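From a predicted model like this one, the values you see are computed outputs, not experimental measurements. Chain A is the first sequence line, chain B the second, and so forth, proteins listed ahead of strands; every chain is numbered from 1.
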Protein chains: 2
Amino acid sequence: MDLLTDLEGAALAEIASRSKATSYAIAQAFSHSPSEYWSGSAGAVYPLVKRLAERGLLEPSPATTGMRARIDYRITPQGRSALEDWLLDARRASGMGFDPLRTRLVHLHLVSPEQRRVFIAEVRALSEDFARTPAFEDQPVRARIHDSWLKARATWLAMLDFVAK
Amino acid sequence: MDLLTDLEGAALAEIASRSKATSYAIAQAFSHSPSEYWSGSAGAVYPLVKRLAERGLLEPSPATTGMRARIDYRITPQGRSALEDWLLDARRASGMGFDPLRTRLVHLHLVSPEQRRVFIAEVRALSEDFARTPAFEDQPVRARIHDSWLKARATWLAMLDFVAK
DNA sequence: ACCCACATGTAATGGGTTACATGATTTA
DNA sequence: TAAATCATGTAACCCATTACATGTGGGT
């Protein structure tokens, strides 16, 4: 009934994409994300998936690989419905979220023009490095979203050069 | 010694901009932000500011308005130094942060083309509304950063129309 | 006097991070 | 077979959110 958090929505989406998955696979998917937001720590993901199962959004099915117990999860009809509500929530999607660069630019007047110039130059260089390190090589749609986002932010930053002065 | 979190950095920056401020003023500044990330809830800000004071980054000075006790905070030299470390951290600034739209676009293949088209159209409309509601009217630099960011994201989304198909 | 917005917190709860523990599989 | 890595969790801590409590001032 409650709306999904973004972490819950993303986890459901990852499971839905794979038709079935273990908590470990979801944690891996998160930690491979180029965004620092998706830490994919076990301490976050295992309890999260368990909660989703308790809410009836995932169906656990015990599995065994070799000797060790594992749990595969599948999305249920209620899970699919909750996922769509989260995914297609245009109002939440339109929010500004958190951008570590934007946050700092807002306060950059607190330091000297020289410090500002150095900072912006460093960010520009790091962003180019970042854009060059391939992400999601196996998933072309994700890769295009990721790359174009970095490009869009670089363009935005160039447009904002006045904050450096 | 520990690096500041983004919340801590932003709070220090707000106080530094005002030369002195109460916890309430900081909470107000956060909650006036157009980003849902900066909730500005009392339960977050009052303890946060208190912690910063205990770490020696802020100096409290008891003040009174009328009958009631209030605490004004000023940034200390150590606070200023920690603030610069946070503000000019180009590596953290270059991170991708969290974007609720980007996160959803990555998973949009899970729904039908028709649902995708509707979603994108709704986001576009809401973003335009959002861009029209004035933010930071009294702070021109912030306003320009905010407006241009929305514009940059709209351009990015237009570029990404292939995800709708 | 009464109401309502402004202001200043605190308590309980939820959940993410860090660190740890341990079992299973692969590789040298 | 020893070491390293993969895989599956749990526990303690930290901190943001939600909800509450209470005080203060301005308007009617």
Side-chain angles (χ1 to χ4, degrees), chain A residues 1-12 14-15 18 20-33 35-55 57-58 60-73 92 95 97-98 103, chain B residues 1-12 14-15 18 20-33 35-55 58 60-73 92 95 97-98:
Chain A
M1 187 90 290
D2 281 336
L3 292 181
L4 299 175
T5 66
D6 293 303
L7 203 58
E8 289 167 343
L12 273 189
E14 292 289 348
I15 292 174
R18 289 165 168 71
K20 77 176 188 217
T22 61
S23 296
Y24 182 77
I26 306 312
Q28 284 298 98
F30 284 170
S31 61
H32 289 1
S33 162
S35 166
E36 71 284 7
Y37 180 80
W38 305 99
S39 84
S41 69
V45 176
Y46 281 82
L48 170 74
V49 169
K50 193 188 285 183
R51 286 197 306 273
L52 291 173
E54 282 161 6
R55 286 166 64 181
L57 308 182
L58 291 176
S61 67
T64 38
T65 305
M67 244 349 53
R68 183 158 193 177
R70 291 150 33 83
I71 304 177
D72 273 319
Y73 292 92
R92 282 169 79 188
F98 172 72
T103 297
Chain B
M1 188 89 289
D2 281 338
L3 293 181
L4 299 175
T5 66
D6 293 304
L7 203 58
E8 289 168 343
L12 273 188
E14 292 288 349
I15 292 174
R18 289 166 167 70
K20 77 178 188 215
T22 61
S23 295
Y24 181 77
I26 306 312
Q28 284 299 97
F30 284 170
S31 62
H32 289 0
S33 163
S35 166
E36 70 284 5
Y37 179 80
W38 306 99
S39 84
S41 68
V45 176
Y46 282 82
L48 171 74
V49 169
K50 194 188 284 183
R51 286 197 306 273
L52 292 173
E54 281 160 6
R55 287 166 63 182
L58 291 176
S61 66
T64 39
T65 306
M67 242 353 50
R68 182 158 194 178
R70 289 151 33 85
I71 303 177
D72 273 319
Y73 293 91
R92 282 170 79 189
F98 171 72

Q: State which of dG9(C), dT18(D), dG16(C) makes the closest approach to the side chain of S41(B).
A: dT18(D)

Q: Calculate, to the nearest 0.5 Å, the distance between atoms CH2 and CG belonging to W38(B) and D6(B) respectively.
A: 6.0 Å

Q: Just verifying a value: how many Å separate L52(A) CG and E54(A) CD, rounded to the nearest 0.5 Å?
A: 9.5 Å

Q: Should R92(A) and L3(A) count as side-chain neighbours, where that means a heavy-atom distance under 4.5 Å?
A: yes

Q: Please give me every residue in residues 42-50 of chain A whose heavy atoms get under 4.0 Å of an atom in DNA chain D, ordered by residue number.
A: A42(A), G43(A), Y46(A), K50(A)

Q: For the helix from dA1(C)-dT28(D) to dA28(C)-dT1(D), what is the angle between the axes at its two ends, each from 5 pairs, rounded to 10°?
A: 20°

Q: Measure the distance from CG on D6(B) to C1' on dC15(D) and round it to the nearest whole Å.
A: 14 Å

Q: What's the shortest heavy-atom distance between P47(B) and A42(B), and which atoms?
A: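 Smallest heavy-atom distance, with atoms named: CD-O, 3.6 Å.
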
Q: NE2 of H32(B) versus C1' of dC6(C): gap in Å, rounded?
A: 12 Å

Q: Would you mind reading off the distance between I71(B) atom CD1 and dT10(C) atom P, rounded to a whole angstrom?
A: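 Whole-Å distance recorded here is 9 Å.
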
Q: Would you say dT8(C) has OP1 or OP2 under 4.0 Å from some side-chain N or O of R70(B)?
A: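 Answer is yes, contact under 4.0 Å.
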
Q: Which value, rounded to the nearest 0.5 Å, describes the distance between Y73(B) atom OH and R18(B) atom CZ?
A: 15.0 Å

Q: Does the side chain of S35(A) come within less than 4.5 Å of F98(B)'s, by heavy atoms?
A: no

Q: Starting at atom OH of Y24(A), determine the distance to atom P of dT5(D), rounded to an integer number of angstrom.
A: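 Rounding to the nearest Å, OH of Y24(A) and P of dT5(D) are 12 Å apart.
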
Q: How many whole angstroms separate atom CG of L3(B) from atom C1' of dC14(D)?
A: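 Distance check: L3(B) CG to dC14(D) C1' gives 17 Å.
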
Q: I need the CZ-P distance between R51(B) and dT10(C), as an integer number of Å.
A: 13 Å

Q: When you measure from the side-chain N and O atoms of T22(A) to the phosphate of dT8(D), is any distance below 4.0 Å, counting only OP1 and OP2?
A: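 Result: yes.
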
Q: Can you check the W38(A) CH2 to dT17(C) P distance for me, whole Å?
A: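 Answer to the nearest Å: 11 Å.
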
Q: Provide, to the nearest angstrom, the distance between the CZ atom belonging to F30(B) and the P atom belonging to dT8(C).
A: 16 Å

Q: Taking the side chain as everything from C-beta on, heavy atoms only, tell me whether V45(A) gets closer than 4.5 Å to L7(A).
A: no

Q: Just by distance, do the side chain of T22(A) and the backbone of D72(A) share a donor-acceptor pair under 3.5 Å?
A: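 Judged by distance alone, no pair lies under 3.5 Å.
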
Q: So F30(B) and E14(B), do their side chains get closer than 4.5 Å, heavy atoms only?
A: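 They are in side-chain contact.
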
Q: Does S39(B) reach a base, just sugar-phosphate, or nothing at all? Heavy atoms under 4.0 Å.
A: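 Sugar-phosphate contact only - S39(B) comes under 4.0 Å of backbone atoms but never of a base.
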
